[in-house]
Amino acid sequence: MSTETAAAAAQVAAPPPAGWEEARSRVYAVGLAAALPALDRPLADTDGHTLAEPLTTRTNLPAFPTSSVDGWAVRGDGPWEVVGRVLAGNSPPPLTADGTTVEIATGAMVPEGTAAILRIEESTRTADGRVAGTPRPGPEWREPGEEAYAGEELLPAGTPVDPALIGLAASCGHDTLRVRRQPRAALLVFGDELLTSGPPAAGRVRDALGPAVPAWLRRYGCQIRPADVVGPVADTLPAHVAALRAALADADLVCTTGGTMHGPVDHLHPTLAALGADYVVNTVAVRPGFPMLLARLVDADGRVRFVAGLPGNPQSAIVALVSLVAPLLAGLHGRPMPALPLATLAEPVPGRGDYTHLALVRLDRAAGTAHPVRHVGSAMLRGLAGADGFAVIRPGTNGEAGTRVPVVPLPLAPGERTW
């Protein structure tokens, strides 16, 4: 027997099943400890990344007094003699004489010596061409530093980058942002019973996770290419070991589907043993989604990689994604642990004894209510397709109508806020 086969024959030392909240905290901690390195990227290439350092201003915002209206910058009492025009993008000379004015455009720099700005629609012209009118009492311009002062921290490290943040960074004068490298992911699909095209037939079922899981991973901020999705992998131990070793060569995270039990063709556990992995979490007390796992491999050079074992049943696999993969990726991105919003149950949701129950719900955001959906078996995806997230029913409880419960939102597109 080869050394690799002997290692594979042994099981990785596994801790007992973890509570759902404990498992989330544990995988977030190991992800944060392995947070990916920082790099500088052009603003246009940062959407969906995470700030690796605080966003600060390079100058006052605005950097100089700018007119907030189209009108006339005036000095002294009117009527005022027109001595010029100021457009956005120019640095105007000062107004030095009382009784003078320059036409000014919105966004233009206010000339030194300006006492007030008279709105264009509230002005008139005298017979000799001078400007008349009564300026409003308040300043009609934006003061330097009104939005932010030079060097002020606007957003902390760990903030997800979205289009609004990119625009703010540009207004602060940044050309690049220091962000975390996005995690590279791969997916291995296990199961000889799976079809990759056409309808299910003759005892074989269509693989639903191979097409779907990469899209979920991208929404969590991962990079995953079509070539990173492999399967179905043959139901043999050598095939599993070879496929996982190859995927780990480039990926920070490898997700697998199926094989998390200990049946005759469930080879994930011995494969992890063969590759020298350590469990972070091995099974979680949650329904649906049992069993799921997260394992960690550390190279001699200190490089850390992760394997997330997702159950083969499709909805259970997505429960594993939101339970283990989402908090792990938050840590790898250097983001805070995702806080779960609360919603009020519109209908009762049964508990699952000693297990946490993640119940698919549709959210009424205006009312702040969560409505259970139908077709929620662990092998079903119909309910998931119409849901917004999972209501969390804690162990030993039932979700009574009117109860406020945490909700795990399903991810949106990269960079978008979930609630």
Side-chain angles (χ1 to χ4, degrees), residues 38-47 49 51-157 159-179 415:
L39 66 162
D40 294 314
R41 296 185 66 88
L43 284 182
D45 296 334
T46 57
D47 188 27
H49 287 70
L51 290 181
E53 61 185 21
L55 177 66
T56 59
T57 56
R58 298 185 63 189
T59 181
N60 290 334
L61 288 181
F64 45 82
T66 56
S67 179
S68 54
V69 297
D70 293 328
W72 304 94
V74 301
R75 174 169 177 156
D77 296 329
W80 298 274
E81 179 185 357
V82 179
V83 295
R85 170 185 288 181
V86 182
L87 301 178
N90 295 313
S91 182
L95 279 175
T96 57
D98 288 346
T100 60
T101 185
V102 292
E103 187 178 5
I104 191 167
T106 300
M109 184 176 182
V110 177
E112 183 181 346
T114 297
I117 294 178
L118 173 65
R119 295 190 177 206
I120 193 75
E121 66 271 17
E122 297 175 359
S123 67
T124 59
R125 301 296 287 267
T126 64
D128 60 0
R130 290 182 296 170
V131 174
T134 302
R136 296 189 182 188
E140 297 278 24
W141 59 79
R142 306 179 184 97
E143 294 285 358
E146 187 175 300
E147 183 176 0
Y149 291 105
E152 183 177 347
E153 180 178 320
L154 304 182
L155 292 167
T159 301
V161 178
D162 62 12
L165 189 154
I166 293 170
L168 177 61
S171 72
C172 293
H174 292 281
D175 302 314
T176 63
L177 285 176
R178 190 148 186 83
V179 295

Output all residues satisfying side-chain contact (heavy atoms from CB on, under 4.5 Å) with [X], sequence neighbours left out; order by chain, then residue number.
{"X": "Thr59", "result": "Ala63"}
{"X": "Arg119", "result": "Val69, Glu121, Glu122, Arg136, Glu140"}
{"X": "Asn90", "result": "Leu87"}
{"X": "Ala108", "result": "Val86, Ile104"}

What do the steps show when you test Leu154 against Thr57 for side chain to side chain contact (heavy atoms under 4.5 Å, CB included), and what is the final call?
CA-CA 7 Å; Leu154 304 182; Thr57 56; 3.5 Å; yes
Going by heavy atoms in the side chains, are Leu61 and Cys172 under 4.5 Å from each other?
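Contact flag for Leu61/Cys172 side chains = yes.
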Non-hydrogen side-chain atoms of Val102 and Val82 separated by less than 4.5 Å:
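Side-chain contact under 4.5 Å: no.
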Please identify each residue that fulfils salt bridge (Lys or Arg N to Asp or Glu O under 4.0 Å) with [X], with sequence neighbours left out.
{"X": "Asp175", "result": "none"}
{"X": "Arg75", "result": "Asp98"}
{"X": "Arg178", "result": "Asp40"}

So with a 6.0 Å cut-off around CZ of Arg58, is the heavy-atom count from everything else above 12?
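Count not over threshold, so no.
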[X]: what forms a side-chain hydrogen bond (donor to acceptor under 3.5 Å, both in side chains) with it, not counting sequence neighbours?
{"X": "Trp72", "answer": "Ser123"}
{"X": "Glu146", "answer": "none"}
{"X": "Thr126", "answer": "Asp128"}

For residues 62-73, which residue pairs pass the salt bridge (Lys or Arg N to Asp or Glu O under 4.0 Å) check, not counting sequence neighbours?
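Not a single pair qualifies under salt bridge (Lys or Arg N to Asp or Glu O under 4.0 Å).
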Please, which pairs that meet salt bridge (Lys or Arg N to Asp or Glu O under 4.0 Å) have at least one residue in residues 76-90, sequence neighbours excluded?
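Qualifying pairs: Arg85-Glu103.
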Pair Val179, Glu53 - check side chain to side chain contact (heavy atoms under 4.5 Å, CB included), show working.
CA-CA 7 Å; Val179 295; Glu53 61 185 21; over 6 Å; no
Quick one: closest heavy-atom pair of [X] and [Y], and the distance?
{"X": "Ile117", "Y": "Ser67", "value": "CD1-OG, 3.6 Å"}
{"X": "Pro156", "Y": "Leu51", "value": "O-CD1, 3.7 Å"}
{"X": "Asp162", "Y": "Leu165", "value": "OD1-N, 2.9 Å"}

Would you say Thr101's side chain and Ala73's backbone share a donor-acceptor pair under 3.5 angstrom?
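Side chain of Thr101 to backbone of Ala73, a donor-acceptor pair under 3.5 Å: yes, one is there.
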